[in-house]
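Here's a structure for you.
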Amino acid sequence: MRAWALNMDFARLWLGLLLPLVAALDFSYHHQEALEAFLKRVAQNYSSITHLHSIGKSVRGRNLWVLVVGRFPKEHRVGIPDFKYVANMHGDETVGRELLLHLIDYLVTNHGKDPEITNLINSTRIHIMPSMNPDGFEAVKNPDCFYSNGRENFNQYDLNRNFPDAFEYNNVSRQPETVAVMKWLKTETFVLSANLHGGALVASYPFDNGVPATGALLSRSVTPDDDVFQYLANIYASRNPNMKKGDQCENKLNFPNGVTNGYSWYPLHGGMQDYNYIWAQCFEITLELSCCKYPPEEELPSFWNYNKASLIEYMKQVHLGMKGQVFDIDGNPLPNVIVEVQDRKHICPYRTNKFGEYYLLLLPGSYTINITVPGHEPYLTKVVIPEKSQNFSALKKDFQLSFRGQLDSTQVSDPSCPLIPLYKNFPSHSAATKPSLFLFLMTLLNIFSK
Ligand SMILES: *[C@@H]1O[C@H](CO)[C@@H](O)[C@H](O)[C@H]1NC(C)=O
Ligand SMILES: *[C@@H]1O[C@H](CO)[C@@H](O)[C@H](O)[C@H]1NC(C)=O
Ligand SMILES: *[C@@H]1O[C@H](CO)[C@@H](O)[C@H](O)[C@H]1NC(C)=O
Ligand SMILES: *[C@@H]1O[C@H](CO)[C@@H](O)[C@H](O)[C@H]1NC(C)=O
Ligand SMILES: *[C@@H]1O[C@H](CO)[C@@H](O)[C@H](O)[C@H]1NC(C)=O
Ligand SMILES: [Zn+2]
């Protein structure tokens, strides 16, 4: 009996080792053509759980591909949160780009086999963008561990300085890659995201910019969701054996447990993670995955081994907290309703989408939820999020309000955020609050990673 079972295990191991060889994606750098071919093959082979589309074009006209994996890959469904990974926005930071191709391969080939992956795909709509800056990637002539000219897009703009900024006026020419991402964020109900970089080894969370009101005088700049962000960054870093040590890159800062607040590391304006959190209702962190920006291909398998568990565990966090719909007395879903936790007011209030849905990423605990239909008194209610609530679903809580929908009188159209910069009225906002000598040196030496 025992021996037979062992034999079966060997057989399975054998098959398991053989099968990937048939269809496996190799560990090498995939340039645009090979990347497109791979994504198209996946979309064809796994058409029931994938959807491939381009969200726009780079300056040189290269497609910005996104592969969606999920039970309903083509469109958002009520109750299914949208998650995303974006890599290679700095064209010379290449590890994330290849990791995302391997992640795609891993997800589709394990769907229906591995229960964890099957549950994840069944409960989540996962958007994967291996390269936000394909022109930059192709522009790198001599792969290097440090800065090379492919960091910027073809027009020489750093895309992670190219978004609107809530704390200071960011007067830059908005690039096609940035515009495409901003448009994309408006069309989806993204809840959680990570942005993959290289040149350091750390999970960095918002804010990247700040003012005294966010704590900048204390050399940190934190959101009202700081507990959630620290937890999220730790989820990633703690499962990466190198990142969690915090000191594995030579000549770099030490990061306790491999996590840091973005501003504490070094401030920047126009970054993508702050934009996601403030304008797109999406919690995003920045993952620095390799000390060397463009390491040799031979090292790619070990990067995959060191990041695989983190990449998967991080995606599961999209099911933290609570979610649901807001209805009026007749059961009609109410869009554009502000649903927030008391004492966690966002700079731009988080609102329900066109299906009346909200998603709130929260750790277990007691919270007061404030539901406000513009023009009506706020409705306050207490909610307890239990420990271990998250089994591929956030706590589900729908709300029915006691009046008839005011859709005609409510602005249902794009509830865009008000002033830029939003914090212009805060006192003593000056460059002096930033570690400017350090920044000046970094600029001089070109040692930016995020
Ligand atoms: C898709 O299927 C073809 C034919 O079965 C196979 O050769 C190819 O490797 C598969 N590609 C992927 C990415 O799974
Ligand atoms: C997928 O999720 C739905 C709804 O949550 C559930 O009814 C179904 O059994 C799940 N399917 C799998 C394969 O887990
Ligand atoms: C923005 O930049 C453009 C071009 O560099 C310049 O002409 C314009 O005056 C700037 N606007 C502000 C408000 O700084
Ligand atoms: C509830 O939210 C609304 C809209 O953001 C806000 O105006 C109001 O002050 C909040 N009420 C409480 C008690 O927090
Ligand atoms: C989590 O959900 C899956 C089905 O989606 C179920 O099989 C499993 O027992 C659940 N686990 C817990 C701890 O509730
Ligand atoms: Zn970077």
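Note that the coordinates shown come from a computational prediction; the quantities given were computed from them, not determined experimentally.
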Cation-pi check, R161 onto F448 ring (under 6.0 Å, within 45° of axis)
yes
For the atom pair CG (L103) and CE (M315), what is the distance rounded to the nearest 0.5 Å?
4.5 Å
Distance-only polar pair, side chains of T286 and H197, donor-acceptor under 3.5 Å
no
N/O donor-acceptor pair under 3.5 Å between E98 side chain and H30 backbone
yes
Residue N142 excluded, over 12 heavy atoms near CG under 6.0 Å
no
Check whether the side chains of Q317 and Y231 place a donor and an acceptor atom closer than 3.5 Å, and report yes or no.
yes
No-hydrogen, no-angle side-chain donor-acceptor test under 3.5 Å, N195 and S193
no
Quick check against the 3.5 Å criterion: does E138 have a side-chain atom that pairs as donor or acceptor with the backbone of Q32?
yes
Would you check if I285 and Y314 make a side-chain contact, meaning some heavy-atom pair closer than 4.5 Å?
yes
Is the side chain of D92 donor-acceptor paired with the backbone N or O of S148 at a distance under 3.5 Å, no angle test?
yes
Salt bridge (Lys or Arg N to Asp or Glu O under 4.0 Å) between R151 and D158: does it pass, once the steps are laid out?
CA-CA 7 Å; R151 174 183 175 90; D158 185 329; 2.9 Å; yes
Does a side-chain N-to-carboxylate-O contact under 4.0 Å join R125 and E188?
yes
Can you classify the ring geometry of Y358 versus F399 as parallel (below 30°), tilted (30 to 60°) or perpendicular (above 60°)?
tilted
What's the separation between atom CG in L287 and atom CD in E284, rounded to the nearest 0.5 Å?
9.0 Å
Please say whether more than 12 non-hydrogen atoms of neighbouring residues, nucleotides or ligands are located less than 6.0 Å from CZ in F27.
yes
Step by step, would you call H127 with F190 a ring-ring contact (aromatic ring centres under 6.0 Å, His included)?
CA-CA 9 Å; H127 304 246; F190 288 121; 4.8 Å; yes
Check for a donor-acceptor pair, side chain of T260 on one end and backbone N or O of F255 on the other, with a separation under 3.5 Å.
no
Does some side-chain heavy atom of T352 sit less than 4.5 Å from a side-chain heavy atom of E357?
no
Contact between L320 and L362 at the side-chain level, heavy atoms closer than 4.5 Å - yes or no?
no
Is there a side-chain contact between I55 and V181 (heavy atoms, below 4.5 Å)?
yes
Heavy-atom side-chain proximity of L35 to P130 below 4.5 angstrom:
yes
Distance (rounded to the nearest 0.5 Å) between I117 CD1 and K316 NZ:
8.0 Å
Do H102 and L311 have side-chain heavy atoms sitting under 4.5 Å apart?
no
Enumerate, atom names and distances included, each donor-acceptor pair closer than 3.5 Å involving a side-chain atom of residues 221-230, sequence neighbours excluded.
residue : atom : partner : partner atom : Å
S221    : OG   : N209    : O            : 2.8
S221    : OG   : T214    : OG1          : 2.8
T223    : OG1  : D225    : N            : 3.0
T223    : OG1  : D226    : N            : 3.4
D225    : OD1  : R344    : NH1          : 3.3
D225    : OD2  : Y277    : OH           : 2.6
D225    : OD2  : H346    : NE2          : 2.7
D226    : OD2  : Q230    : NE2          : 2.9
D227    : OD1  : R344    : NH1          : 3.1
D227    : OD1  : R344    : NH2          : 3.4
D227    : OD2  : R344    : NH2          : 2.8

Does a donor on one side chain sit under 3.5 Å from an acceptor on the other, for N240 and S310?
no
Would you check if the side chain of N170 reaches a backbone N or O of F163 as a donor-acceptor pair within less than 3.5 Å?
yes
Is the SG of C291 found under 2.5 Å away from the SG of C249?
yes
How far does CD1 of I126 sit from CD1 of I80, to the nearest 0.5 angstrom?
10.5 Å
Answer whether the closest heavy-atom distance between the side chains of V383 and L395 falls below 4.5 Å.
yes
Take the angle between the ring planes of Y275 and W279 and call it parallel below 30°, perpendicular above 60°, tilted in between.
parallel
Calculate, to the nearest 0.5 Å, the distance between atoms CD1 and CG belonging to I385 and L363 respectively.
8.5 Å
Would you check if the distance from the ring center of H269 to the ring center of F167 is below 6.0 Å?
no
Approximate separation, where rounding is to 0.5 Å, of N336 CG and T372 OG1:
11.5 Å
Hey, are S173 and Q175 close enough side-chain-wise for a donor-acceptor pair under 3.5 Å?
yes
Per side-chain contact (heavy atoms from CB on, under 4.5 Å), L100 is matched among N88, L196, L67 by L196
Indicate whether any N or O donor in one side chain lies under 3.5 Å from an N or O acceptor in the other, for D208 and Q273.
yes
Quick one: does H53's side chain get under 4.5 Å of K74's, heavy atoms only?
no
Are there more than 12 heavy atoms of other residues, nucleotides or ligands under 6.0 Å from atom CZ of F72?
yes
Is it the case that the side chain of T118 and the backbone of H111 share a donor-acceptor pair, with hydrogens and angles ignored and the cut-off at 3.5 Å?
no
Between I104 and F38, is a side-chain contact (heavy atoms from CB on, under 4.5 Å) present by the stated rule, with each step listed?
CA-CA 10 Å; I104 287 170; F38 168 72; 4.1 Å; yes
E297 side chain vs Y29 backbone, donor-acceptor pair below 3.5 Å
yes
Check: K450 main-chain N/O paired with E288 side-chain donor or acceptor under 3.5 Å
yes
If we ignore angles and hydrogens, is there a donor and acceptor under 3.5 Å between the side chains of D82 and H76?
yes
Without swapping roles, check the side chain of N160 against the backbone of G271 for a donor-acceptor pair under 3.5 Å.
no
